[in-house]
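Data block below; observations after.
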Amino acid sequence: MPHASRTIRRLAFWSIPLAFGVMGLKFIAWYVTGSIALYSDALESIVNVIAALAAFIAIGYAQKPADHGHPYGHSKAEYFSAVLEGVLIVVAALLIVNEAVGGLMTPKRIEAPVMGLAVNASAAVINGIWAFVLLRFGRRHRSPALQADGHHILSDVVTSVGVIAGLGLALAFDQPRLDPLLALIVALNVLWQGWKVIASSVDGLMDRAIDPVDEQRIQQIIKAEADGAIEAHDIRTRMAGRVSFVEFHLVVDGDMTVERSHEICDRLETALRQAVEGVQVIIHVEPGHKAKDEGVLLG
């Protein structure tokens, strides 16, 4: 298994026990305080556990090699995990809204606030560090599942910070209603984070083109490495998890031998694979009289 794949799978695995640990801390914080906001935060941590499990399963499936039924591999499985995670973030936000509304209707005084805040803050710090790790490696290795998990945990950190701020204000001004009110405001931010995760993942499922910067680099490589060809046109790209697909038509002289045109294609494929991690290249060779007016002129 390549180094990148091992790293992604290892991070996905360690997200599971960490999610259980953070969930335990948050429920302890709620138990000692009786705070509606802390209870809402603890509810969201249940979603974190489910999401971590789903991401680990999806990443393992996505790394399976291509087979007869899936000749292009299984890399898109990560997008399904990311969509699920986005939906779970929205569900968590709705749970927080439900608890916050109940707290506004029947406000309660908070017990043992210092201990509860300290425990919840420690959970937020752990989540913040782990979110940074997941987002960093998720972007580096282009893993939709890791990035979605990182964004989810980051939204959980924002929730915790908001909850802690709400509790602090409620205690400072002796206004118990500030506790659920801040939780309600934070829930709106969580909803926004969930929507962004869903939109990004659905975009990936619809064969989104690769990043424009990488696309321009691909065109430059084709122009530099296709010595002997006339033109490249209909250059198309798409993303499927960690795999990039590049497809284009290569126009060569009509009298060129198959062997010579094959050598040009081999050189292009090698250069693209060295420049773009996980790329798969499809080249359609055409004789010169089929050249298009548009495309990348070579030579």
Side-chain angles (χ1 to χ4, degrees), residues 1-23 44-92 127 130-156 193-211 214 236-247 273 276-282:
M1 183 183 294
H3 175 70
S5 299
R6 288 198 301 270
T7 299
I8 292 171
R9 191 162 173 79
R10 189 180 301 118
L11 288 170
F13 171 78
W14 284 109
S15 287
I16 298 172
L18 188 141
F20 273 108
V22 168
M23 181 181 68
E44 187 183 1
S45 66
I46 297 176
V47 178
N48 289 354
V49 172
I50 298 173
L53 288 167
F56 179 70
I57 294 171
I59 286 172
Y61 188 79
Q63 291 179 353
K64 291 176 60 179
D67 54 34
H68 179 72
H70 304 87
Y72 290 96
H74 304 79
S75 55
K76 278 193 176 183
E78 288 196 41
Y79 286 121
F80 290 102
S81 168
V83 170
L84 173 62
E85 192 147 351
V87 172
L88 291 175
I89 293 174
V90 173
V91 171
N127 265 346
W130 193 244
F132 173 79
V133 171
L134 291 181
L135 289 173
R136 180 184 178 187
F137 282 93
R139 293 190 188 104
R140 177 184 297 177
H141 299 301
R142 296 190 303 173
S143 169
L146 280 190
Q147 291 184 62
D149 205 15
H151 282 296
H152 185 180
I153 295 174
L154 190 61
S155 73
D156 191 26
Q193 294 294 330
W195 166 250
K196 288 197 297 183
V197 170
I198 292 172
S200 175
S201 304
V202 170
D203 195 28
L205 286 170
M206 295 178 68
D207 288 337
R208 175 174 53 88
I210 69 173
D211 184 87
D214 289 334
R236 296 186 296 174
T237 65
R238 66 183 177 92
M239 295 286 296
R242 295 178 55 238
V243 181
S244 299
F245 291 88
V246 178
E247 179 181 347
R273 285 172 181 154
V276 183
E277 182 182 358
V279 71
Q280 293 192 20
V281 184
I282 301 173

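All values derive from a computational prediction rather than experimental measurement.
One finds the CG atom of N48 at 11.0 Å from the CZ atom of F20 (value rounded to the nearest 0.5 Å). Between the CZ atom of F56 and the CG atom of D149 there is a distance of 12.5 Å, given to the nearest 0.5 Å. Interatomic distance, CG of D214 versus OG1 of T237, reported as 9.0 Å (0.5 Å rounding). One finds the OG atom of S45 at 10.0 Å from the CD1 atom of I50 (value rounded to the nearest 0.5 Å). Atom CG of L134 and atom CD of Q147 lie 10.0 Å apart (nearest 0.5 Å).
The minimum heavy-atom distance between A131 and G150, with the atom names listed, is CB-O, 3.7 Å. Of all heavy-atom pairs between I59 and S143, the closest is CD1-OG, 4.3 Å. Across R273 and V279, no two heavy atoms sit closer than the pair CA-CG1, 3.5 Å. The heavy-atom pair separating L11 from W130 by the smallest distance is O-CZ2, 3.5 Å.
At least one side-chain heavy atom of V90 sits under 4.5 Å from a side-chain heavy atom of I198.
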Could you walk me through whether L146 and H141 pass the side-chain contact (heavy atoms from CB on, under 4.5 Å) test, one step at a time?
CA-CA 9 Å; L146 280 190; H141 299 301; over 6 Å; no
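Other residues, nucleotides and ligands place more than 12 heavy atoms under 6.0 Å from the CZ atom of R140.
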